[in-house]
Amino acid sequence: MEPAGLEPAEMEPAREAEEPPGSPALPAEAPQGGPPAAALSGEGALPGRERERERGRRGAGAPGSAGRAARGRARRAPGRRSGTESARRPGVTVDSSKAKTSLEALKISLRQLRWKEFPFGRRLPCDIYWHGVSFHDSNIFSGQVNKFPETHAIVTMARQWHNYCIRFKSQKMFSFIDSSDQSAFPAGMTETVRKITLSRAMRTMRDLFPLEYNFYPRSWILPEELPLFVAEVRTMKDSNPSWKPTFIVKPDGGCQGDGIYLIKDPSDIRLTGSIQSRPAVVQEYICKPLLVDKLKFDIRLYVLLKSLEPLEIYIAKDGLSRFCTEPYQEPTLKNLHQVFMHLTNYSLNIHSGNFIHSASANTGSKRTFSSILCRLSSRGADVKKLWSDIISLVIKTIIALTPELKVYYQSDIPAGKPGPTCFQILGFDILLMKDLKPVLLEVNANPSMRIEHEQELSPGVFENVPSPVDEKVKVAVIRDTLRLVDPQKKKRKDTQCQSPEQAPGASEEPPDAAPSPEAALPSLCLKQVFPKYARHFSYLRLVDRVAALFIRFLGVKGTTKLGPTGFRTFIRNCKLSNSNFSMAAVDILYIDITRRWNSMGIDHKESGSPGMCLQAFVEAFFCLAQKKYKALPLHKQVLSLLELCECRLAALHGKRLVWGCGLAQPRGALRAAGTAPGPGPARPHGPQVLRLQKSSHQLRALMCRDRTGS
Ligand code: ADP
């Protein structure tokens with residue numbers, strides 16, 4: 001089912017001042033009244049941007065002219081005090097000491113918001129901690145962090161990869177890798193969005209909902225699925241002899257096009273030793289991408305995962321389009337190796353003599369996405385439908401990723417333990433096919449937020465020069481992310497909720513407060529898409545519910561793997577074992593699946609701990625569902641088993657509540673059994689909680705009636 005009407009009108013492209021030269025490779029259609037009216041209000045809305053950029057580059061201490069300009073522009077309500085009051089308003093405090101390459105964009109954002117920056121950290125807690133890469137800082141107990149936490153193993157892996165990049169760079173093997181850019185190696189919520197993990201998550205969702213998850217190219221994981229890859233390609237070729245596919249091989253955990261190559265036949269895979277130590281994903285290559293000016297390009301869209309529980313997703317109205325630097329031709333044996341023709345990576349193409357740096361948003365090798373939409377729209381393309389498809393792709397992808405993220409999150413910041421709340425900006429790389437269908441290429445946990453690029457002044461002499469296109473898009477994303485997580489706004493809202501007697505329409509501000517800098521800012525560039533469109537997508541969240549069961553039975557906080565006892569307890573409490581499925585069979589299922597998953601992929605080996613990871617549990621759950629509900633399609637099998645398990649656990653929980661009243665069963669015993677209500681993010685989301693509570697209440701009432709004999 002494809003939800004209709006997802007496209008908020010505000011997501012149409014802005015009218016561009018000048019039309020770029022050339023024309024996109026769209027079916028030639030007469031322009032239909034030009035692009036839709038401007039709705040994007042980006043950086044252009046702030047006058048004095050150039051001056052601000054200049055000052056921004058001068059470093060942390062430079063006074064922000066945008067801040068001053070904003071103060072000057074902000075209209076003051078009559079009777080309000082000015083100047084000194086503004087200084088007295090307790091500003092939001094932001095620790096930027098770990099912002100790394102996002103620092104410049106962050107500084108500009110903070111000046112626009114008039115928030116207080118602590119560039120060297122602060123002894124007292126800050127409201128917000130801005131990290132350039134991953135977050136694994138056990139010293140942060142409060143506030144908000146712009147990254148979801150990592151396990152130690154992942155951070156170590158990221159460091160190893162970083163060192164690997166530096167080593168090869170020093171050997172001039174991958175000279176394009178910018179090791180100073182921390183986004184050049186995997187970190188952040190790395191695990192969840194690494195190529196292999198993403199491919200697995202998408203495969204699981206595609207197994208459940210084949211039509212809904214057809215926006216991700218068919219993929220196989222190497223080396224473990226090499227025989228499957230070979231067999232499937234052979235079958236497809238046999239059934240359609242005219243099919244002449246191309247495949248793209250991408251090393252896991254790679255970035256910036258590193259190690260990527262194209263092949264025409266499975267036998268061309270380079271089965272060197274490195275594929276064992278560094279697995280890869282092989283993927284169907286999209287041979288007919290949409291071209292603009294005869295060039296292949298991809299889109300980098302910024303997505304804010306504002307909260308995991310409840311799920312809150314925002315999409316930026318503008319993104320970047322990164323262009324190849326050689327005219328595109330469909331892949332042939334002759335051009336397969338031409339990276340400037342086939343790979344859109346900025347970090348690769350910048351080394352091409354054809355790369356065009358442009359200060360304009362709609363020309364050059366890096367443009368705004370809105371400028372592309374504008375061109376498409378002027379040629380009659382259905383831009384609203386395109387946005388709707390992109391929103392759908394983003395929500396579905398995040399639904400595929402959240403189960404694993406929740407497992408990591410509960411292990412790092414268990415409920416009850418003091419810790420910050422987290423949000424994260426993700427970079428979605430999307431390719432448009434000729435028919436405008438968006439295809440997901442990858443999700444970046446740490447999209448580069450640099451707003452300048454290196455320019456070679458003379459051989460070997462480089463200088464950082466500002467990139468207006470990057471600045472336009474990225475500053476808006478960072479600033480508006482901060483506006484959305486503004487802790488003071490939340491406090492103001494809470495206070496308002498507590499004083500309902502306040503007259504409707506009364507000012508949000510206390511009478512003596514200085515005017516908010518919000519008044520001078522453009523409208524938010526980030527648009528909420530979830531829960532806004534939740535009703536269209538909630539039915540897809542089955543694996544999320546399986547993950548909730550998994551977390552519930554993990555037992556000891558801080559782990560991400562389920563032990564054999566936890567698995568047995570799950571089976572027992574959900575009453576899944578019977579004469580056809582003995583506890584011995586349960587143990588065999590556990591051992592079989594766990595052993596296989598632990599022998600696959602470097603991620604599980606690296607974490608070093610034995611036990612069943614989430615994906616293995618999901619596989620076991622699907623197995624059980626297939627066994628129990630043979631005749632149904634997979635998603636119905638899984639849904640039926642989920643409902644059965646949730647219902648039985650609720651009943652058990654209800655029983656224990658009643659026993660707890662009468663027999664005072666120790667709470668610790670319940671928790672050990674994995675059924676205690678106890679704290680933790682393991683609780684299922686909204687409607688389920690209600691359902692569970694309702695059924696436990698009903699059960700309690702029934703049992704009380706039993707006891708009293710009524
Ligand atoms: P990396 O993380 O190394 O950048 P990507 O998955 O983003 O790896 O792939 C690099 C580039 O290769 C993309 O920017 C895109 O231009 C191209 N590419 C990747 N996958 C495909 C695909 N399935 N079909 C066509 N082009 C692809």
Side-chain angles (χ1 to χ4, degrees), residues 158 161 164-165 168 174 176-178 181 183-188 190 192-199 202-203 214-222 229 233 245-264 278-292 295-301 319-332 335-352 355 365-366 369 393 397 426-435 437-448:
W161 170 238
Y164 171 87
C165 288
F168 280 101
F174 299 127
F176 54 81
I177 291 178
D178 177 4
D181 184 349
S183 68
F185 61 90
T190 330
T192 314
V193 300
R194 277 172 57 193
K195 291 181 172 61
I196 284 187
T197 326
L198 178 68
S199 294
M202 299 308 262
R203 165 105 46 94
N214 62 3
F215 57 84
Y216 187 68
R218 230 174 326 188
S219 307
W220 297 264
I221 292 159
L222 301 178
F229 171 52
V233 170
T246 304
F247 303 97
I248 182 163
V249 184
K250 312 192 228 180
D252 186 42
C255 53
Q256 304 189 342
D258 157 49
I260 290 182
Y261 59 96
L262 303 187
I263 55 170
K264 281 292 204 182
R278 199 175 162 207
V281 167
V282 58
Q283 202 169 66
E284 243 183 297
Y285 185 74
I286 308 298
C287 292
K288 293 185 192 301
L290 177 72
L291 306 182
V292 166
L295 299 169
K296 177 175 170 178
F297 68 97
D298 76 352
I299 307 159
R300 160 63 56 86
L301 267 191
L320 297 170
S321 304
R322 289 119 13 133
F323 280 72
C324 279
T325 40
E326 291 283 344
Y328 183 78
Q329 287 165 16
E330 284 194 31
T332 60
N335 70 29
L336 278 188
H337 62 281
Q338 294 192 26
V339 288
F340 297 147
M341 176 186 288
H342 292 292
L343 306 188
T344 50
N345 299 75
Y346 163 80
S347 47
L348 279 178
N349 283 282
I350 195 158
H351 296 279
S352 151
F355 192 93
S365 299
K366 199 190 258 188
F369 179 42
L393 174 152
T397 304
L426 303 172
F428 274 63
D429 291 351
I430 293 169
L431 194 68
L432 295 183
M433 289 172 60
K434 238 190 180 98
D435 60 0
K437 181 185 158 152
V439 172
L440 176 71
L441 295 181
E442 77 164 347
V443 181
N444 280 276
N446 294 294
S448 165

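These numbers come from a predicted model, not from an experiment. Whatever order the structure lists ligands and atoms in, that order sets their numbers, starting from 1.
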CD1 of Ile260 to NE2 of His342, rounded to nearest 0.5 Å, is 12.5 Å
Check this for me - ligand 1, Gly257, N or O atoms closer than 3.5 angstrom, yes or no? yes
State plainly whether the residues Lys195 and Asp252 are in salt-bridge range, i.e. N to O under 4.0 Å. no
From the candidates Ile260, Leu441, Val249, Asp258, the one that places a heavy atom nearest atom 9 (O) of ligand 1: Ile260
Of all the atoms in ligand 1, which lie at a distance below 4.0 Å from a heavy atom belonging to Ile248? 12 (O), 18 (N), 19 (C), 20 (N), 21 (C), 22 (C), 23 (N), 27 (C)
For the rings on Phe355 and Phe340, is their centre-to-centre separation under 6.0 Å? no
Only residue of Ile430, Asp429, Leu426 satisfying side-chain contact (heavy atoms from CB on, under 4.5 Å) with Val443 is Leu426
Interatomic distance, NZ@Lys366 vs OG1@Thr344, rounded to 0.5 Å, equals 11.5 Å
Rounded to the nearest 0.5 Å, what's the gap from CG on Leu343 to CG on Asp258? Could you check? 11.0 Å
Closest heavy-atom approach to atom 13 (C) of ligand 1 among Val439, Leu262, Thr344 is made by Thr344
Under the salt bridge (Lys or Arg N to Asp or Glu O under 4.0 Å) test against Glu330, which residue among Lys434, Lys288, Lys296 passes? Lys288
Provide, to 0.1 Å, the distance between atom 12 (O) of ligand 1 and the closest protein heavy atom, together with that atom's residue and name. Leu343 CD2, 3.2 Å
For atom 11 (C) of ligand 1, the protein heavy atom that lies nearest, with its residue and separation: Asn345 OD1, 3.2 Å
Do we see a donor-acceptor contact under 3.5 Å between the side chains of Ser199 and Tyr216? yes
Does ligand 1 have an atom that lies less than 4.0 angstrom from a heavy atom of His342? yes
For Leu431 and ligand 1, does the shortest N/O to N/O distance drop below 3.5 Å? no
shortest atom 20 (N) of ligand 1-to-protein heavy-atom contact is with Lys250 NZ, 3.0 Å
Roughly how far, to the nearest 0.5 Å, is CG of Leu290 from CE of Met433? 10.5 Å
Protein contact of atom 2 (O) of ligand 1 - nearest heavy atom, named by residue and atom, plus distance: Glu442 OE2, 2.5 Å
Going by the atom numbers of ligand 1, which of them fall below 4.0 Å from some non-hydrogen atom of Lys195? 1 (P), 2 (O), 3 (O), 6 (O), 8 (O)
Where is the nearest protein heavy atom to atom 24 (N) of ligand 1: which residue, which atom, and how far? Ile286 N, 2.8 Å
Minimum-distance protein heavy atom relative to atom 26 (N) of ligand 1: Lys296 NZ, 2.9 Å
Under 4.0 Å from a heavy atom of Asp298: which atoms of ligand 1 are those, numbered in the order shown and with their elements? 14 (O)
